Structure formats: C-alpha cells, structure tokens
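What you are looking at is a predicted structure, and each value in this text was computed from that prediction instead of being measured. We count residues from 1, following the sequence as given.
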Amino acid sequence: MDTRATNDAAAPAPYDVIIVGYGPTGATLANLLGLRGFTVAVVDKLPDVYDKPRAITADHEVMRIFQACGLADEISADTIPHPGTDYIGLHDQVIKRFYPAPAPHPLSWEPTWMFVQPTLERSLRRGVERFDTVHTYLAHELVRYEEREEDVVVHLNRLSDDRPVTLRGRYLVGSDGARSVVRRQMNGTIEDLAFDEWWIVVDAWLRGDAGLPPRATQYCHPWRPGSFIVGPGDLRRWEIKILPDERPESFESRERLLEVLSHFVDVSMIEIHRVAIYRFHALVVEDWGHRRVFLMGDAAHQTPPFMGQGMCAGIRDADNFAWKLEGVMRRGYHPRLLHSYTQERKPHVRTLVAHAKTFGQLIGELDLEAARRRDELLGEQLRNGTAETIRQKFVPGLETGVLGRRADGALARGAGDLFVQPWVRSGTQRVRMDDCLGRSFSLVLADAQALEWIDARVQQALQRVGASVVLLGQAPGVRCCEEEGHLARDWFRERGARAALVRPDHYAFGCADDPAALRELCDQLVAALVEEPAMAA
C-alpha cells in the first residue's frame with residue numbers, strides 16, 4: 001500500500017485530477033498524467049490490487065498505450081499471444097474462426113494477447129510509483145463530491161478508522177466500475193443496448209493433461225453455450241451460460257458447479273481459483289462528462305466479454321482524455337476540446353458493444369432450429385472465403401470529433417484511421433515509431449519531396465498546435481525515421497496520400513495528397529484546437 005498521501009494535510013491542493021477507481025483504467029490514466037507532470041490523487045476502496053483475474057484479453061492498441069507509459073516491455077513479458085478462437089456448432093464442427101493476424105503486425109505488438117489481471121495491475125501501479133506528483137488514497141471510499149466553478153471538492157471516508165478526508169481537484173474522473181458512485185451522483189442516463197444474460201465465470205489452474213483444445217473455443221450449443229479461454233501459463237477460463245430455467249444462485253453449490261463444468265473439462269485435472277456469477281450487460285452512458293467531472297471504463301460503458309474489448313475500451317478512454325487534458329492545461333488548446341471526449345469515445349464503444357452483443361447471441365443461441373440456420377450460414381461463409389477471420393477488423397476507427405473534413409462534411413482522407421507503428425531506425429537506434437513521434441501532434445511525411453509542402457502557412461499552423469515534423473526517410477534539418485519493411489508506406493499508399501497529421505493518440509486527423517490539401521487540414525486543425533468557434537449570424 002502506498003502511504004505517501006494518506007494524510008491529506010500533506011498533499012498539495014488542489015490536484016490537477018482526482019481519479020476514483022484504481023483498476024486498469026484508473027491506473028493507466030494515472031501513469032499517462034504522471035508522465036505529463038500533472039498532480040494526481042488516486043482513490044480506491046481496496047487496500048491493494050484485487051487478487052483474482054477478471055479481464056484476460058487485450059489488444060495491440062492497449063499495449064501501444066502501455067508503451068506510451070513506458071511499461072509495455074515489462075507488461076508484455078507476462079503475456080502470451082492469443083492462440084485464436086474456434087466457434088463450434090451443433091455437430092462439433094468449426095463454424096467460425098478468429099485467428100491471429102499474420103505478421104507484420106501493424107502496431108508492432110501482438111494484435112491480441114492474454115494476461116493475468118493482478119499481474120498487469122501490479123505493473124501499472126509500479127509505474128505510478130515513479131511519479132512524486134501522483135498520490136494514492138487506498139482503502140478510502142468516495143462519499144460525495146461538489147462540483148464548483150474552478151474545482152471539484154471530493155469527500156472521502158478512510159476505511160481503517162472512518163476518518164473523513166477532503167480533497168480538491170481541478171477535474172474529477174470516475175473510473176470506479178459498473179457500480180460507479182461518481183456516475184450515480186452525476187445522475188448519468190444509461191442507454192440499455194438490450195443484452196442481459198447470466199453467466200458463470202470459472203478461472204482455474206491446470207493440474208494435469210486435461211486434453212483441452214489448443215485454441216480458445218466457443219461452444220455454440222443450445223443445450224449449454226460456453227466459452228473456453230487459454231490464459232498465460234496454466235490459467236484457463238470457462239464462461240458458461242445459465243439457462244432460463246436455472247437460478248443463478250444454484251451455482252453457488254460446488255456440487256452443481258462441478259456438474260456443469262464437467263461438460264467442458266475433466267474437473268479432476270484443474271484447481272478452481274475463482275468462481276463468479278455475472279450478469280453480462282450491454283450498456284452505454286449517454287454523457288460521459290459534465291464540466292469538471294468525467295466517466296471512463298465500466299463507469300461509462302459495459303460490454304459483454306465476447307470480443308475481449310471491455311478493458312481495452314477503458315484504456316482507450318484514458319488515452320483520449322489524457323492528451324486532451326494536456327492540450328487544454330499545457331498547450332493552450334480550447335477547453336471545449338475536453339468535451340470531444342464523449343463525442344469520440346461513445347460511438348467507438350457503441351460499435352464494439354454491438355459487435356460483442358452479436359457474437360454473444362451467436363454463441364448463446366438456445367433455439368435449436370435457429371442454431372441450425374446459424375451453422376449453415378456461418379459454415380458457408382467459411383467455405384466460400386467471405387467470413388472475416390481477423391478479430392481486429394471489428395475494432396473501428398474514429399467517426400466523429402477532432403478529425404479533418406472535406407468540403408461536403410465527410411471525413412477527410414484517412415481521418416479517424418489508426419496510424420501504424422513500424423520498427424524504424426532513428427539515428428543509431430532501432431525503435432518503434434511512436435518513440436520518435438512523442439506526445440504531440442505530428443506531421444508524418446512519406447517522402448522527402450513532401451517537405452516542400454511545408455510553406456509559411458503550414459509552418460505557422462504547426463507551431464500554433466505544437467506539432468512536430470517526422471520524415472520517413474532522410475533529409476537534413478528534420479526528424480528522420482527509416483522504417484524496416486513497408487508498413488507506413490503501405491498505409492500512405494492505401495489512402496493515396498503522402499502526408500498525415502497524426503494526433504497524440506495516433507489516430508489520423510487526416511491525410512493529404514498535395515500542398516493545398518495539407519494547408520486545408522492544417523487550417524482545420526488550428527480551428528479545432530485553439531480558435532473560438534465562429535459566432536452564428
């Protein structure tokens with residue numbers, strides 16, 4: 001337990017940000033803000049990391065964010081690549097596949113990977129300990145907060161002795177989970193996306209050769225839908241649907257639990273580590289921010305687990321918010337930028353929740369005739385090659401928010417697409433490209449000839465937003481990266497572009513194929529970040 005700031009009299013006031021909730025989302029945000037030099041208080045009810053695995057799957061964008069935190073090498077050492085997933089139909093035939101994307105990996109990390117959550121969280125918390133400006137209030141409970149014009153007053157209860165503790169922060173972030181106290185006080189309206197099912201989740205350690213599949217397996221059996229997941233080391237997970245005529249509480253009986261689990265595994269070959277009975281939801285809060293108070297992670301959205309994107313979504317929330325807060329507080333960006341957070345993240349999450357819901361319905365179909373039709377349709381798609389087998393293809397780009405636009409209002413070329421991260425040579429070093437881009441906006445050029453597009457107007461715009469110029473090649477007087485392979489050049493070629501304005505979270509603001517298009521994008525970027533919007537006539 002970090003005890004640096006259990007006495008609030010010794011802590012600076014106000015903090016820049018108070019984070020309530022120290023799970024993966026809150027811990028990632030604390031790292032991202034600590035790296036930026038912000039003063040941060042992190043509050044959590046538990047005195048230490050929760051010691052049971054919950055999330056188990058994440059993707060390359062999350063590891064890229066951990067890379068930005070300086071923690072990816074440590075975290076990745078305790079992970080394994082996702083082995084792929086087979087969907088099994090009525091006759092134990094494969095009806096759908098999600099297999100790992102082939103190399104080269106677009107973000108230089110494994111596209112999907114498996115982890116043990118307590119191990120990951122400890123790495124994130126060790127990262128937080130690097131920053132003297134980040135204080136933790138563990139075993140403290142949020143009682144209420146007061147949002148004022150210039151700050152937020154947060155009232156806590158120290159659980160060890162029921163002592164009240166009061167903090168002040170310029171902003172408050174609720175990453176305090178599905179039962180968020182912050183959301184409840186905000187009176188956040190929740191949109192129900194119509195998925196509500198009871199499932200049992202069993203985590204266990206292998207204690208012998210149980211003859212289990214080498215890949216994750218979705219058992220799409222109407223008589224007992226279930227999922228089998230391969231974790232790192234000897235960790236294995238089963239998620240088993242509770243049928244309509246069953247009572248969730250009946251599975252609190254070990255005898256009943258083992259009876260159902262025995263349909264999937266020889267229970268004598270495992271040691272059960274955790275059993276949880278979950279009500280899987282598909283929910284999205286309508287508004288994730290109100291002046292100085294924001295929600296992220298499960299406090300803002302809940303997704304069924306069938307795409308492994310629940311934790312990923314929260315960590316994307318943290319990354320989106322962190323660069324915008326730095327822009328507003330340190331770079332002179334307009335305060336309205338913070339409220340593009342909901343505008344950008346909510347549609348992205350809704351799309352992921354919708355996909356997860358669809359896959360959950362495929363797996364959990366209980367009607368035998370509907371399951372037959374499902375098997376025929378999916379089986380035919382596999383046979384004729386029209387089935388999408390790469391999980392990451394279902395993760396969208398950005399659709400709204402701080403993105404370049406064409407004259408007709410449509411997104412600019414490449415806007416909202418995630419920029420790739422090849423391995424590059426920068427000077428004498430071999431690094432991943434993000435390590436060359438840093439935390440600011442970047443103008444990335446595909447070739448040295450595009451340097452000629454940087455006229456006085458473009459140069460002024462780049463200076464106003466604090467953007468750097470990075471060249472994929474060699475030229476004097478500019479930051480240069482020579483990529484290994486052709487990931488970035490392919491990315492440019494697919495979009496018919498030679499220049500890209502890349503945001504701090506590595507989504508493209510837009511791409512240009514000539515000097516005029518680049519000038520227009522730069523003008524739009526300045527208008528989006530630093531200028532007052534035009535007054536209506």
Using a distance-only test with no angle check, is there a side-chain donor-acceptor pair under 3.5 angstrom linking W198 and E246?
-> no

Salt bridge (Lys or Arg N to Asp or Glu O under 4.0 Å) against E110, all qualifying residues, sequence neighbours excluded | none

Contact list for residues 43-82, test ring-ring contact (aromatic ring centres under 6.0 Å, His included), sequence neighbours left out = none

Could you name each residue pair satisfying ring-ring contact (aromatic ring centres under 6.0 Å, His included) that touches residues 358-393, not counting sequence neighbours?
-> F98-F359, F359-F394

Can you find a side-chain donor-acceptor pair between H221 and R224 that sits under 3.5 Å?
-> no

Residues E129, R126: salt bridge by 4.0 Å N-O rule | no

K324 with E344: basic N within carboxylate O range, under 4.0 Å = yes

Any side-chain donor paired with an acceptor under 3.5 Å for E74 and S123?
-> yes

Exceeds 12 heavy-atom contacts within 6.0 angstrom, atom CZ of R36 | yes

Is a donor on one side and an acceptor on the other found under 3.5 Å between the side chain of T303 and the backbone of G310?
-> no

If you take all heavy atoms of I229 and A216, which pair is closest and at what distance?
-> CA-CB, 4.3 Å

In terms of side-chain heavy atoms, does T85 have a donor or acceptor partner in R391 at a distance below 3.5 Å?
-> yes

Decide side-chain contact (heavy atoms from CB on, under 4.5 Å) for F419 and W491; before the verdict, give the C-alpha distance in whole Å, the side-chain angles of both, and the deciding distance to 0.1 Å.
-> CA-CA 8 Å; F419 193 64; W491 190 92; 3.6 Å; yes

Starting from the C-alpha separation in whole Å, work towards a yes-or-no answer on side-chain contact (heavy atoms from CB on, under 4.5 Å) for V182 and L142.
-> CA-CA 8 Å; V182 177; L142 173 66; 3.5 Å; yes

Mind running ring-ring contact (aromatic ring centres under 6.0 Å, His included) on Y219 and F228 for me, showing each step along the way?
-> CA-CA 8 Å; Y219 295 98; F228 165 65; 7.5 Å; no

Qualifying residues under side-chain contact (heavy atoms from CB on, under 4.5 Å), relative to P305, sequence neighbours excluded | E239, F280

For the side chain of S175 and the backbone of G21, is there at least one donor-acceptor N/O pair under 3.5 Å apart?
-> yes

Does R432 pair with D434 as a salt bridge, N-O distance under 4.0 Å?
-> no

Given C312 and E61, is the side-chain contact (heavy atoms from CB on, under 4.5 Å) satisfied, shown in steps?
-> CA-CA 8 Å; C312 299; E61 190 177 356; over 6 Å; no

Ionic contact status for R374 with E369, cut-off 4.0 Å | no

How far apart are the C-alpha atoms of Y341 and W288, what are their side-chain angles, what is the distance that settles it, and do they pass the ring-ring contact (aromatic ring centres under 6.0 Å, His included) test?
-> CA-CA 8 Å; Y341 164 68; W288 303 6; 5.7 Å; yes

For D196, which residues count as a salt bridge (Lys or Arg N to Asp or Glu O under 4.0 Å) partner, sequence neighbours excluded?
-> R279

Donor-acceptor pair between S227 and Q218 side chains, under 3.5 angstrom | yes

Give a yes-or-no answer on whether the side chains of Q361 and E365 include a donor-acceptor pair shorter than 3.5 Å.
-> no

Indicate whether the side chain of W205 and that of D234 have a donor and an acceptor atom separated by less than 3.5 Å.
-> no

Pair D59 + R316, salt bridge at N-O below 4.0 Å = yes

Evaluation steps, side-chain contact (heavy atoms from CB on, under 4.5 Å), between L35 and L33 | CA-CA 5 Å; L35 281 166; L33 297 179; over 6 Å; no

Partner set under side-chain contact (heavy atoms from CB on, under 4.5 Å) for S253, not counting sequence neighbours = E255, R256

Which heavy-atom pair separates W223 from L90 by the least distance, and what is that distance?
-> CH2-O, 3.6 Å

Does a donor on one side chain sit under 3.5 Å from an acceptor on the other, for R158 and Y137?
-> no

More than 12 heavy atoms from other groups under 6.0 Å of CG on D161 | yes

